[in-house]
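Proteins get letters first, then strands, A, B, ... in listed order; numbering begins at 1 in each. Here the structure is a predicted model, which is why all the values come from computation and not from measurement.
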Number of protein chains: 2
Amino acid sequence: MTRPPARPMRADAVRNYERILTAARAAFAEQGSQAPLDDIAQRAGVGNATLYRHFPTRQALLEAVHRDHIEALCRQAKELLAAPSPSEALMSWLKAVVAQGSTARGLAASLMAAIGTQEESWCRDAVFASASALLARAQQAGAVRPDVTVRQLLKLVNAIALATETEPDRDEQVGRLLDLLLDGLRATSTS
Amino acid sequence: MTRPPARPMRADAVRNYERILTAARAAFAEQGSQAPLDDIAQRAGVGNATLYRHFPTRQALLEAVHRDHIEALCRQAKELLAAPSPSEALMSWLKAVVAQGSTARGLAASLMAAIGTQEESWCRDAVFASASALLARAQQAGAVRPDVTVRQLLKLVNAIALATETEPDRDEQVGRLLDLLLDGLRATSTS
DNA sequence: ACCTGAACACCGTTCAAGT
DNA sequence: ACCTGAACACCGTTCAAGT
């Protein structure tokens, strides 16, 4: 239900939808993913109930805001599936995931929440699909432990993104932590 | 300031202090670390302002509630410093940290918040001291990468605890994720 | 000194009334 | 259909008044 405009939408509704997204993007960037929804509505120049009408939950709003980023990640995953080295492809993608999560404040929290949820989540499904394909290929190539699940992998990667969100030297930190994790993922050469 | 009773405390104040702790422990266990403070005050049979008087912030209350657990972890760290294998000592301790974080709901979040904070935190100092000693010993023994910092280590470990907090098969998950991390921490034998 | 309930502020959610 | 502001509920924080 956080999918596109569905079908026919009144012109003012479309405009409000877009304005809310723009306002939310700015608010999340400035104040983090806990930014007050009333603030966002006010920035967008709409009533608070209108925000709620378009986005029933905060999670829905977060996913919509980060939709471009997530779609970019999915596209990148698709390209990487054609890369020569399955393990390097997976590694590259995970780095991109954390990079996105670090750049776009709130994306990490958004993903983490989506991973955990039981409910319908377009965001989770998309990310899971991308990660699954890359992981499976790396495992079939014998480059990554066969007992690692997509869920575990994403949880860990997002945990890193979360853990470093407020760090002063974010980029440096992310690189090192991710290297640690990726080393742990490697299948031991001696079976 | 989350330290012990300081100095002379009126009898009823001491009793209230204890009752709040007991109530908070139960509330955090049932509802997680976001349990309403008003609920806790009501359970304890005190005014909400009394809770606030004893514990100025939620963080202070969380630390006080988990004080026993944290002290247990510190004691264990001290013992493990005398263990024959520095690397196994570190590994054991980290497992204990996650186990505590998983058992006592809210502890993981509490620690994570403490690690990140700039402010005075008895909790953070104690855990940092324990972790530092064990990590340094393992690094000096050449068993763990020399470029891993205490901060990174604790962030990762707590991220695992956080990431698995709501998992159905928690114990299983924790074990596997921690193994992955610990493998990554190992110094490569070929220098 | 310490406790208390009430007041205040803030924010999410719902609803009756508008167009 | 969709929008709106106001109402309501919830919770954290502060304060004036009590003992």
Does D:dC3 have OP1 or OP2 sitting under 4.0 Å from an N or O in the side chain of A:H54?
-> yes

Nearest-Å distance for atom pair CG/C1', residues B:D12 and C:dC3 | 8 Å

Hey, are the side chains of B:L73 and B:V97 touching, using non-hydrogen atoms and a 4.5 Å cut-off?
-> yes

From CD of B:Q42 across to P of C:dA6 the rounded distance in Å is 12 Å

Output for pair (B:C74 SG, B:H69 NE2), nearest 0.5 Å, gives 13.0 Å

Between atom CG of A:L80 and atom CE of A:M91, what is the distance when rounded to the nearest 0.5 Å?
-> 12.5 Å

Heavy-atom side-chain proximity of B:F55 to B:L21 below 4.5 angstrom | yes

Note, B:L61 side chain near B:I40 side chain (heavy atom, < 4.5 Å) = yes

Check: A:S33 and A:R58 side chains under 4.5 Å, non-hydrogen atoms = no

Using a 4.0 Å cut-off on protein heavy atoms (strictly under), produce a 5'-to-3' string for nucleotides 12-19 of chain C with B for base contact, S for backbone-only sugar-phosphate contact, and - for none.
-> SBBB----

Kindly assign one of parallel, tilted or perpendicular to the pair A:H54 and A:Y17, based on the angle between their ring planes and the thresholds 30° and 60°.
-> perpendicular

To the nearest Å, how far apart are A:I40 CD1 and C:dC10 C1'?
-> 15 Å

Qualifying side chain to side chain donor-acceptor pair (under 3.5 Å) pairs, either residue in residues 40-50 of chain A, two or more places apart | A:E30-A:R43

Rounded to whole angstrom units, what separation is found between the CD atom of B:Q31 and the P atom of D:dC10?
-> 14 Å

Can you tell me the distance, in whole Å, between the CG atom of A:L51 and the C1' atom of D:dA6?
-> 17 Å

In which ranges does DNA chain D form stems of 3 or more consecutive Watson-Crick or G-U pairs, distances under 3.5 Å?
-> C:4-8 with D:12-16, C:12-16 with D:4-8

